[in-house]
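A quick write-up on the structure given underneath.
Not measured: the values here are computed from a predicted model. Chain A is the first sequence line, chain B the second, and so forth, proteins listed ahead of strands; every chain is numbered from 1.
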2 protein chains.
Amino acid sequence: MVSIKDVARIAGVSDKTVSRVVNREPNVTQDTIEKVQSAIDALGYIPNLAARSIRSSRTNIIGIITDYISTTPYSGDIVRGVQDWAGANGRTVLLANTDGNAEREANIWRTFKAHRIDGVLYVAMYHRTVAPASGDVSIPTVLVNSHAEAGLTYSSIEPDDFGGSYALTQHLVELGHRRIGYIRLNPLLLGANQRLDAFLAATQAGGIAENDIIVRLGMEGPIGAETNYVYREALSILSMPNRPTALVCGNDEMALQAYLAALSLGLRIPDDITIVGFDDFRTVSLALKPELTTVALPYYDLGWQGAEMLNDLAEGASAIERRILKCNLVGRQSSK
Amino acid sequence: MVSIKDVARIAGVSDKTVSRVVNREPNVTQDTIEKVQSAIDALGYIPNLAARSIRSSRTNIIGIITDYISTTPYSGDIVRGVQDWAGANGRTVLLANTDGNAEREANIWRTFKAHRIDGVLYVAMYHRTVAPASGDVSIPTVLVNSHAEAGLTYSSIEPDDFGGSYALTQHLVELGHRRIGYIRLNPLLLGANQRLDAFLAATQAGGIAENDIIVRLGMEGPIGAETNYVYREALSILSMPNRPTALVCGNDEMALQAYLAALSLGLRIPDDITIVGFDDFRTVSLALKPELTTVALPYYDLGWQGAEMLNDLAEGASAIERRILKCNLVGRQSSK
DNA sequence: ATATCGAATGTCGACGTCGTCATTTCAATT
DNA sequence: AATTGAAATGACGACGTCGACATTCGATAT
């Protein structure tokens with residue numbers, strides 16, 4: 001590999017002068033700059049960041065630790081947000097995936113430390129409580145789409161499931177719905193409870209009677225291997241003699257199944273039944289006809305802002321911040 | 001940061017001896033090993049990989065360059081496959097995303113070279129032809145889910161869209177379907193043509209008359225901003241007086257729309273109409289009721305095997321290999 | 001011509017690790 | 001006790017970069 005010394009030799013200057021040119025330091029003649037630059041171009045010289053980092057003890061690398069990357073398709077957008085921030089700020093991203101395996105996680109922390117990375121974004125693919133196994137040597141860490149278990153202090157950034165669900169429910173109340181069905185997510189998911197709680201709070205605030213609320217469990221069991229009751233429950237709710245006029249689903253994938261149930265019963269959406277989802281998982285929400293009213297999770301922003309927070313931390317900010325990002329209602333044609 | 005010298009001082013040995021222990025070199029007394037090990041544990045010493053790499057000019061880092069990571073949800077599995085291989089083989093993964101932007105791509109190559117990574121996996125998120133902008137200095141590179149434009153020589157690994165589509169079509173012929181509709185993908189996608197070609201070849205081989213094949217265009221326009229005709233075309237095909245008994249969709253998302261169209265016409269799946277997809281995009285294929293017969297893309301294996309191929313290349317193998325991975329038929333309840 | 005001073009450039013060493021080679025230790029053999 | 005040889009350990013330098021400091025250069029003022 002061509003090094004700074006090779007460039008120096010070709011340009012007929014010292015290695016330090018090349019270094020000055022590369023790092024755009026002042027007090028270098030225009031003439032010298034050109035000589036050096038053409039030597040760089042001729043040799044295709046690219047500075048060795050490893051060497052740089054052992055001198056400066058700063059790597060400009062941030063690490064991402066993810067868990068179940070493939071179970072929640074769009075959460076990859078978190079990673080994209082981080083990457084875009086990194087690209088815009090001269091950082092590089094090291095990525096590793098635990099698959100929920102503790103031993104693997106410990107290894108990843110070790111490797112990241114060996115790389116002397118500047119910080120870690122600990123990204124949960126579904127919104128939940130986590131306990132990073134960072135070990136004794138500490139690295140600046142920000143939890144993304146998650147927060148720390150009781151007793152652990154980490155900065156974190158999360159979506160406002162509660163607020164999003166509240167807004168969505170309010171939307172239905174404003175449309176005049178007085179009897180509403182609800183199919184809830186796997187209770188293991190943090191969002192499941194927050195969304196349901198907000199739904200119940202908003203319906204109550206909207207003056208809807210308790211027995212005009214029909215709540216059913218849509219899924220349960222371990223993440224990635226859950227049992228799915230959604231279709232059956234949707235059929236059951238929609239077959240009730242006094243069927244509700246709106247059906248709220250824990251997420252868009254559930255809404256899809258509710259669509260199928262509704263259509264197979266000959267119901268038209270949204271004329272006979274309003275159906276709404278959550279996540280704005282676009283491969284589903286936009287493919288459904290009519291397109292689905294849902295709530296968008298701010299995945300990309302979680303990543304971008306999480307990276308910003310991490311940067312603050314790595315620069316010395318010591319305050320622990322717990323940031324909550326808004327989930328916006330996305331009104332489409334499935335609600336009326 | 002604690003270095004090898006700190007450990008040496010505490011253990012009362014030379015830095016080289018610590019190095020020997022860390023790297024499990026022979027000819028070290030058991031006694032010394034223990035002394036050193038306890039110093040390592042006490043200090044929490046972790047070797048600095050950057051320092052190691054400037055000596056050995058081997059980083060054990062492989063880079064992944066992706067394009068449109070968020071448009072094809074499950075293709076993140078390619079990355080997961082790479083990561084798993086890396087984890088199992090002591091490598092670390094550097095990740096960057098071009099978003100289809102050439103300038104960004106050039107920057108990424110520069111950065112990767114600056115990190116002196118061992119090789120690059122150039123991953124396309126949808127199957128296509130690519131022209132990596134790797135610049136003059138070369139790094140071992142393998143193209144994943146893509147192959148090189150004419151004139152460029154790169155090793156590559158791709159899914160066998162043709163074979164998968166052929167098997168799927170054959171399955172329908174074997175089920176006795178003699179009149180079949182086909183909604184095709186955006187022609188910009190490489191898979192679009194391969195899948196359609198295989199469909200036409202398999203129907204012809206199965207003795208189906210040309211005018212019993214109804215092909216419609218489902219999508220067109222730039223990736224990520226296409227116009228979608230699927231629902232309309234599905235309705236149109238399914239409303240024909242002599243409607244086909246099976247409908248093949250370019251991918252699972254299209255199949256979803258075909259389901260909606262069929263149900264809204266009061267048709268039952270699969271009794272009145274067989275519908276099949278492609279991709280085995282599980283959030284859709286398993287959520288559909290009945291579950292969708294489709295073809296699985298070997299995303300994970302593309303990643304894992306791509307990493308293997310890259311490793312061979314980095315170790316000195318000079319042969320260019322073009323590997324094609326099988327796409328397996330996944331029979332479920334939507335075909336009969 | 002000479003002194004002065006800032007600008008331009010160079011020399012040197014340190015960062016952390018490990019290969020090379022030299023030195024020390026120790027047990028086995030004469 | 002002296003010799004031998006292998007095993008164990010250490011000293012040193014190089015990898016590529018850049019900070020600290022030293023030196024040289026060139027222009028201006030005397």
Side-chain angles (χ1 to χ4, degrees), chain A residues 1-37 39-40 43-61 90 92 110-118 137, chain B residues 1-37 39-40 43-61 90 92 110-118 137:
Chain A
M1 247 311 173
V2 27
S3 85
I4 203 169
K5 289 186 183 155
D6 301 313
V7 177
R9 196 162 23 78
I10 299 294
V13 298
S14 75
D15 51 354
K16 178 69 222 206
T17 297
V18 176
S19 168
R20 275 189 262 261
V21 173
V22 169
N23 296 295
R24 304 208 190 318
E25 287 178 33
N27 300 335
V28 184
T29 327
Q30 189 56 38
D31 192 47
T32 308
I33 294 182
E34 278 160 20
K35 255 190 325 194
V36 170
Q37 192 55 56
I40 289 178
L43 297 175
Y45 167 70
I46 296 180
N48 183 329
L49 295 181
R52 209 175 255 181
S53 93
I54 80 169
R55 276 201 47 70
S56 66
S57 66
R58 248 285 207 160
T59 54
N60 286 325
I61 299 178
T92 318
R110 252 193 78 82
T111 309
F112 279 8
K113 284 170 184 165
H115 280 291
R116 301 294 191 268
I117 64 177
D118 296 338
V137 186
Chain B
M1 249 311 171
V2 26
S3 83
I4 203 170
K5 289 188 183 155
D6 301 313
V7 177
R9 196 163 23 79
I10 300 294
V13 298
S14 75
D15 51 353
K16 178 67 224 207
T17 297
V18 176
S19 167
R20 277 190 260 259
V21 173
V22 169
N23 296 294
R24 307 207 187 319
E25 287 178 33
N27 301 335
V28 184
T29 326
Q30 188 57 36
D31 192 47
T32 308
I33 294 182
E34 278 159 21
K35 255 189 324 193
V36 171
Q37 191 56 54
I40 289 177
L43 296 175
Y45 166 71
I46 296 180
N48 184 328
L49 295 182
R52 209 173 255 184
S53 92
I54 78 169
R55 275 200 49 71
S56 66
S57 67
R58 248 284 205 161
T59 55
N60 286 326
I61 299 178
T92 318
R110 253 192 78 82
T111 310
F112 278 9
K113 283 170 185 168
H115 280 291
R116 303 291 192 270
I117 64 176
D118 297 338
V137 186

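- Not a single donor-acceptor pair under 3.5 Å links the side chain of Thr29(B) to the backbone N or O of Thr32(B).
- A distance of 7.0 Å separates CG of Leu49(A) from OG1 of Thr92(A), quoted to the nearest 0.5 Å.
- Residue Asn60(A) contributes atom CG, which lies 16 Å from atom P of dT17(D) at whole-angstrom precision.
- Once rounded to the nearest 0.5 Å, the distance linking CZ of Arg9(B) with OG of Ser3(B) reads 8.0 Å.
- Within 4.0 Å of Ser56(A), counting heavy atoms only, lies no atom of the nucleic acid at all.
- Contact annotation: the side chain of His115(B) never approaches that of Thr59(B) to less than 4.5 Å [non-hydrogen atoms, C-beta and beyond].
- Rounding to whole angstrom units, CD of residue Gln30(A) and C1' of dA8(C) are separated by 14 Å.
- Close to dT9(C), at under 4.0 Å from its OP1 or OP2, lies a side-chain N or O of Thr32(A).
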Exercise for review: Assign a letter to each nucleotide of nucleotides 16-21 of chain C from its 5' end: B, base within under 4.0 Å of a protein heavy atom; S, sugar-phosphate only; -, no contact.
Suggested key: BBBBB-

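- If you take CG of Asp31(B) and C1' of dT9(D), they are 13 Å apart, rounded to a whole angstrom.
- For the atom pair Ile40(A) CD1 and Ile33(A) CD1, the distance stands at 10.5 Å (nearest 0.5 Å).
- In terms of heavy atoms, Ala11(B) sits closest to Lys35(B) at O-CD, 3.8 Å.
- If you take CZ of Arg9(A) and P of dG10(C), they are 15 Å apart, rounded to a whole angstrom.
- Of all nucleotides listed (dT9(C), dG10(C), dA7(D)), dG10(C) comes nearest to the side chain of Ser14(A).
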